Amino acid sequence: MTYVLDGATGPWEVVIGLEVHAQVTSESKLFSGAATAFGAEPNSQVSFVDAGFPGMLPVINAECVAQAVRTGAGLKAEINLWSRFDRKNYFYADLPQGYQISQFEFPIVGKGVLEIELADGTRKDIGITRLHLEQDAGKSLHDQHATKSYIDLNRSGVALMEIVSEPDMRSPEEAGAYLTKLRQILRYLGTCDGNMEQGSLRADVNVSVRKSGEEFRTRCEVKNVNSIRYVMQAVEAEAKRQIEVWEAGEKVTQETRLFDTTRGMTRSMRSKEDAHDYRYFPDPDLPPLVLDEGWVEELRAALPELPDARRARYVQDFGLSPYDAHVLVLEKETAAFYEEVAQGRDPKQAANWVMGDFFAALNRTGKAITESPVSAKNLGALLDLIADSTLSGKLAKEVFEAMVETGETPGAIVEARGLRQVTDTGAIEAAVDAMLAANADKVAQYHAGKATLFGFFVGQTMKSMQGRGNPALVNDVLKRKLGA
Amino acid sequence: MSLDAATIRRVANLARLRVEDDEVPRLQAELNGILGWIEQLQAVDTTGVEAMSGGGDAILPLRPDVVTDGGQAEAVLANAPDRAGVFFAVPKVVE
């Protein structure tokens with residue numbers, strides 16, 4: 001199904017390309033030894049290089065280069081063993097150098113591909129044009145003073161990967177799926193934490209519209225969209241605006257726009273109109289970046305398993321349904337948790353517990369998996385107690401709830417609360433006998449043909465045993481005693 | 001190639017340089033002189049010679065990913081024309 005927007009003149013197709021800025025996970029900045037940690041005291045993580053002081057020389061961070069190579073490899077992209085840094089010149093208060101060190105003509109990573117999957121199961125390859133390394137700018141605060149903007153340079157010089165897609169997306173859903181998948185891959189690789197709220201991942205969205213079968217029309221760039229939902233909204237809002245422009249007999253002009261999240265509209269960003277002539281030139285402080293092929297191969301060989309491969313393994317080796325496998329690999333923390341629970345146990349049962357009671361408990365307590373009161377080790381131990389018949393399924397749920405509350409091990413909870421399942425046939429028989437004696441009238445009704453009372457007997461027996469009787473054994477004993 | 005007066009003004013504007021009208025002819029002559037030299041260089045046959053942006057065969061040295069700098073907000077802010085606490089303060093720039 002092709003996504004189209006209906007205008008007065010008929011259906012319009014939407015063409016989307018994304019430029020994603022992903023903050024590289026590293027201790028220190030791209031060209032200086034200042035720290036990158038989020039949330040530090042303003043201007044406390046700034047070297048003289050980052051502040052654009054005269055006479056300072058940038059020296060590149062090997063780990064940032066490695067992270068770009070890993071990301072390129074994860075996107076099945078060409079790694080360019082020879083690349084170069086250029087200066088992108090523009091003036092802005094949070095850019096103290098007066099230029100951004102970036103890679104214009106010779107990026108470190110070339111063409112790659114990313115496969116997205118849509119809600120209806122359709123898969124589609126989205127081309128990656130390139131990935132390059134560049135410096136982030138500082139942060140401006142405009143709302144602190146009536147006539148002044150405040151500048152914090154902590155982010156100035158932090159390494160970014162700019163990942164540019166081909167204009168291959170045709171719907172808001174595809175744009176959302178692309179960003180979701182890219183974020184997932186970056187997080188699996190450990191090359192970007194993917195935290196969109198903190199600005200570690202930001203997208204510039206290029207949108208144009210056309211009639212079916214046409215060449216591309218003029219596009220507009222919606223800058224700095226900081227959530228997947230907003231990307232999808234911005235695509236739709238901008239496409240609708242362009243359709244109105246074309247249908248009014250006017251022309252769309254190529255420009256940079258901002259997405260106003262409260263009004264759900266894009267608006268022109270006039271101030272940067274004049275800044276588009278960036279006068280790129282090779283940075284004279286930085287000789288070419290030349291990578292050793294052996295090093296690149298080492299990085300490639302050490303890549304972690306990526307979500308697609310992991311999902312396929314869950315289906316093939318663990319016998320999970322494609323849907324369950326999909327859910328479990330969405331976040332790498334979830335996948336790691338699941339694998340620890342499943343290790344040496346029944347993988348399907350582990351999946352049911354993780355996706356069932358465990359996810360429900362996280363939702364209920366509003367906790368992330370990394371701060372869960374129930375560790376993977378403890379959940380695994382609970383499954384062991386089910387496997388060795390210490391706990392029935394019902395008791396296990398009770399123990400699990402106690403684990404959520406207290407964070408204790410299932411073993412400790414079973415001991416402390418006496419929740420051990422009773423599998424001793426003698427004890428069960430005694431309980432059944434007592435129960436039958438106390439309900440002689442019901443037993444008579446049962447023998448007179450009211451077979452549905454069997455469930456009542458099971459319930460009463462379990463109740464008298466505080467729910468600890470092994471359900472299968474209770475059933476067996478009852479059947480025998482009632483001569484069923 | 002030669003630069004006209006409008007281009008001189010545009011380049012100056014992009015570089016945030018204030019150029020008075022009476023300075024334009026002089027700058028125009030000087031820059032065109034430099035471009036003239038570059039044009040002479042174009043006459044050299046560079047077939048088969050790789051483009052280079054720096055001297056010799058230098059390649060970029062890499063440094064380990066270790067925090068070695070920062071924690072000096074006062075030194076960084078020392079030359080700022082205006083500040084507010086630990087922030088630089090600049091005339092308001094609003095999108």
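Being a predicted model, the structure only gives us computed values, none of them experimental. Lettering follows sequence order; numbering is per chain, from 1.
Only the backbone of L30(A) comes within contact range of chain B, with heavy atoms under 4.5 Å apart. Within the 4.5 angstrom heavy-atom criterion, only backbone atoms of T147(A) (N, CA, C, O) approach chain B. For a residue to count as touching a neighbouring chain, one of its non-hydrogen atoms must lie under 4.5 Å from one of that chain's; by this rule A35(A) touches chain B with backbone and side chain alike. Only the backbone of S32(A) comes within contact range of chain B, with heavy atoms under 4.5 Å apart. Proximity to chain A (any heavy atom under 4.5 Å) is shown, for A75(B), by both the backbone and the side chain. Only the backbone of F31(A) comes within contact range of chain B, judged by heavy atoms closer than 4.5 Å. With a 4.5 angstrom heavy-atom cutoff, E41(A) touches chain B only via side-chain atoms. Neither the backbone nor the side chain of A40(A) comes within contact range of chain B; no heavy atoms are under 4.5 Å apart.
Taken from NZ in K92(B) to CD in Q144(A), the straight-line distance is 9.0 Å, to the nearest 0.5 Å. For the atom pair CD1 (I151(A)) and CG (L77(B)), the distance works out to 11.5 Å, reported to the nearest 0.5 Å. Distance CD/E74(B) to CG/N43(A): 10.0 Å, rounded to 0.5 Å.
Contact record, A58(B) with P288(A): O-CD, 3.6 Å, taken as the closest heavy-atom pair. A pairwise comparison of heavy atoms in H142(A) and V93(B) identifies CE1-O, 2.5 Å as the closest pair. Of all heavy-atom pairs between F91(A) and L14(B), the closest is CE1-O, 3.1 Å. A pairwise comparison of heavy atoms in S47(A) and Q72(B) identifies CA-NE2, 3.7 Å as the closest pair. The two residues A73(B) and P42(A) make their nearest non-hydrogen contact at CB-O, 4.4 Å. Shortest non-hydrogen contact noted between F87(B) and D152(A) is CE2-CB, 3.8 Å.
Residues of residues 63-70 of chain B having a heavy atom under 4.5 Å from any heavy atom of chain A, listed by number: R63(B), P64(B), D65(B), V66(B), V67(B), T68(B), D69(B), G70(B).
Heavy atoms of other residues, nucleotides or ligands lying less than 6.0 angstrom from CD of E293(A) number 12 at most. Taking a 6.0 Å sphere around NZ of K88(A), one finds it holds more than 12 heavy atoms contributed by other residues, nucleotides or ligands.
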